[in-house]
Every structure is written in C-alpha cells, then in structure tokens.
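Below you'll find the structure, written out as structure tokens, and then a few comments.
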Amino acid sequence: MTTSPVPAGAPPHHRLDGPDGAPVVVLGPSLGTSMDLWLPQLPALTRAWRVLRYDLPGHGGAPPPSGPFGVGDLADGIVRLLDDLGVARAAYAGVSLGGAVGTMLALRAPDRVASLVLCCTSPRFGDPGPWRERAALVRREGVGPVADGAAGRWFTPAFTGADPYVAMLRATDPEGYAACCDALAEFDVTGRLGEISAPTLVIAGERDGPTPPRGHADRLAGGIPGARLTVVEDAAHLANVERPEPVTEAITAHLEATWKGTG
Ligand SMILES: O=C(O)CC1=CCC(=O)O1
C-alpha cells in the first residue's frame with residue numbers, strides 16, 4: 001500500500017471479499033471509522049455478493065489526503081475504483097458520511113448505481129459552523145477530544161461494545177478526520193434528491209443524535225423518488241453495529257429485491 005498523501009478524487013484504499021463474479025456491493029464507512037465498521041454485515045453479505053469496502057482518507061489503512069476535498073471528490077474516487085476493477089454497475093450502502101458519498105455517487109454517476117442503501121445519514125449534516133469548529137479543534141489538538149465523546153454520539157447508553165469503534169477513531173489521522181469534517185460542512189444535496197433514480201432504502205436509528213430520523217432520514221426518504229424508510233428501534237448513529245440483525249436483514253432484503261447483477 002502507498003503511504004503518500006492521496007489527491008482528491010483518487011480511488012480509495014479498499015478491500016474485496018466474497019465470491020468472484022458475484023454482483024458487487026460497495027460499503028462506505030462513517031467519519032472516524034474504518035471499513036471494519038461493516039464487519040457485522042460481512043458474513044451475510046458475502047454469501048451472495050462481492051463486497052467492496054473502502055476507507056476514507058486518513059482513516060483505517062488509507063493514507064492522509066494531500067489537500068482539501070468534497071463529498072463529490074469521494075464519489076468520483078468510487079467511480080475510478082469501479083473503473084479500475086472493471087465493475088460496470090454496483091449496489092452501494094453507506095453509513096453517515098459513507099451514505100453521503102453514496103447519495104452523491106447516485107447523482108453524479110446514476111448508470112453505475114444499481115441499488116442504494118442510506119444508513120443513518122442526511123442530505124445535509126446541519127450548519128457548517130460546528131463542522132468547521134470540529135475540524136479546527138482536531139487540527140489543533142488531535143482526535144483525542146472528539147474520540148472522548150464518540151461513544152455518546154454513536155451508541156445508546158445501554159450499548160457495551162463501543163470500544164473497538166472508538167479505537168478506530170483514535171487511530172485516525174487528524175488531517176484526514178478534519179478534512180472529512182470540512183467536506184461534511186459543505187455537503188448539501190437537499191434540493192437534488194428528486195434526481196436520484198436508484199432504488200433506495202433509507203435506514204435510521206430511532207435514537208440517532210447526529211442524524212435523527214426526523215429532519216434527516218425522513219428528508220431523504222421523502223425526497224428520493226420511491227425510497228422506503230426503515231427506523232431501527234433501540235439504536236443510535238451506528239445502527240448497523242448496535243442492532244446488526246435488523247439492519248443486515250433490511251439491507252439483504254433490499255439488495256435481493258433490487259440487485260442480482262443484471263443490467
Ligand atoms: O459526529 C459523529 O461522529 C457522527 C457523524 C456525523 C457524520 C458522520 O459520518 O459521523
């Protein structure tokens with residue numbers, strides 16, 4: 001793996017699992033996590049799909065970014081990755097920032113997205129100010145201060161399995177994290193959701209603080225033509241980790257219905 005900084009729009013650090021020749025599903029992680037965010041879903045998904053997981057710049061095994069980038073650049077990187085791998089069309093599922101990348105991908109390259117799952121995400125992650133402040137904090141003090149509060153943002157108080165996920169954040173490159181915050185500050189596709197043609201499932205955590213169902217998931221589901229919304233009880237922001245069974249079931253049912261590798 002190269003460790004030189006990654007330019008905006010470059011194909012991301014990635015990994016393929018599952019049967020050769022099966023229809024491809026791309027899995028996008030959230031801010032501060034790695035591709036292993038998707039480990040709870042991996043056994044079920046690799047039964048029928050070739051699973052392509054990737055890391056955000058400076059996260060997981062990915063080198064830090066060489067400069068600023070937007071969510072559109074991250075989506076362009078997925079298109080380049082699909083080109084490099086010879087994949088004409090794929091399904092895409094993403095959590096939070098990873099979901100924003102999927103939304104942008106569906107807008108920029110609709111012919112490449114056969115099916116879309118948007119988990120605990122939003123067409124706009126609130127006002128830019130707090131994201132710019134978080135980016136400045138991490139550039140100044142490192143990821144420690146945001147890691148300290150991560151379990152409370154990501155999970156309900158009853159959840160006891162937060163440690164490996166918070167460890168992902170503690171291992172994240174500060175500039176990679178900060179640049180993702182800047183990308184979130186700029187992201188707003190609220191007015192473009194009606195252009196999305198991919199069959200879309202929106203999944204929300206009932207108790208998600210950063211992207212609550214009301215004002216976020218409901219806007220996605222209301223704005224994307226034909227989209228369906230599933231709200232997962234007793235789950236916060238990383239619902240696929242906190243309640244893996246219903247989330248895995250919802251994703252596999254949606255993929256079964258929409259993406260078997262044809263077309
Ligand atoms: O603030 C967080 O850690 C939650 C979050 C917002 C966007 C994202 O990807 O994660």
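Whatever order the structure lists ligands and atoms in, that order sets their numbers, starting from 1. This one's a predicted model, so the numbers in the text were calculated from it and none came from an experiment.
Between Leu39 atom CG and Gln41 atom CD the span is 9.0 Å, to the nearest 0.5 Å. To the nearest 0.5 Å, atoms CZ (Arg124) and OG1 (Thr211) are separated by 14.0 Å. Note that CG of Leu184 and CZ of Arg132 are 10.0 Å apart. Values are rounded to the nearest 0.5 Å. Separation of atoms NE2 (His13) and NE2 (His59) is listed at 13.5 Å; rounding is to 0.5 Å.
Looking from atom 2 (C) of ligand 1 to the surrounding protein, the closest heavy atom is Arg153 NE, 3.3 Å. Looking from atom 3 (O) of ligand 1 to the surrounding protein, the closest heavy atom is Trp154 NE1, 2.9 Å. Taking atom 5 (C) of ligand 1 as the reference point, the nearest protein heavy-atom neighbour is His237 NE2, 3.4 Å.
For ligand 1, the polar-atom distance check against Val95 finds no nitrogen or oxygen pair separated by under 3.5 Å. By the 3.5 Å distance cut-off applied to N or O atoms, Ser30 is not counted among the residues near ligand 1. Between Leu31 and ligand 1, at least one N/O pair is under 3.5 Å apart.
When heavy-atom distances to ligand 1 are checked against a 4.0 Å cut-off, Leu184 comes that close only through its side chain, counted from C-beta outward. Only side-chain heavy atoms of Trp131 come within less than 4.0 Å of ligand 1; its backbone N, CA, C and O stay farther off.
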Please tabulate, one pair per line, all N/O donor-acceptor pairs under 3.5 Å involving side-chain atoms of residues 97-104, not counting sequence neighbours.
from	atom 1	to	atom 2	distance (Å)
Thr103	OG1	Gly99	O	2.9

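Atom numbering of ligand 1 starts at 1 in the shown order; those under 4.0 Å from a heavy atom of Leu97 are 8 (C), 9 (O). Of all the atoms in ligand 1, the ones that sit under 4.0 Å from a non-hydrogen atom of Arg134 are 1 (O), 2 (C), 3 (O).
At most 12 heavy atoms of other shown residues, nucleotides or ligands fall within 6.0 angstrom of atom CZ in Arg219. Dense packing is recorded around CD of Glu141, with more than 12 heavy atoms of other residues, nucleotides or ligands lying under 6.0 Å away.
Of the candidates Ala236, Gly32, Ser96, Ser96 brings a heavy atom nearest to atom 10 (O) of ligand 1.
Side-chain atoms of Ser30 and Ser96 form no donor-acceptor pair, as typed in the model, at a separation below 3.5 Å.
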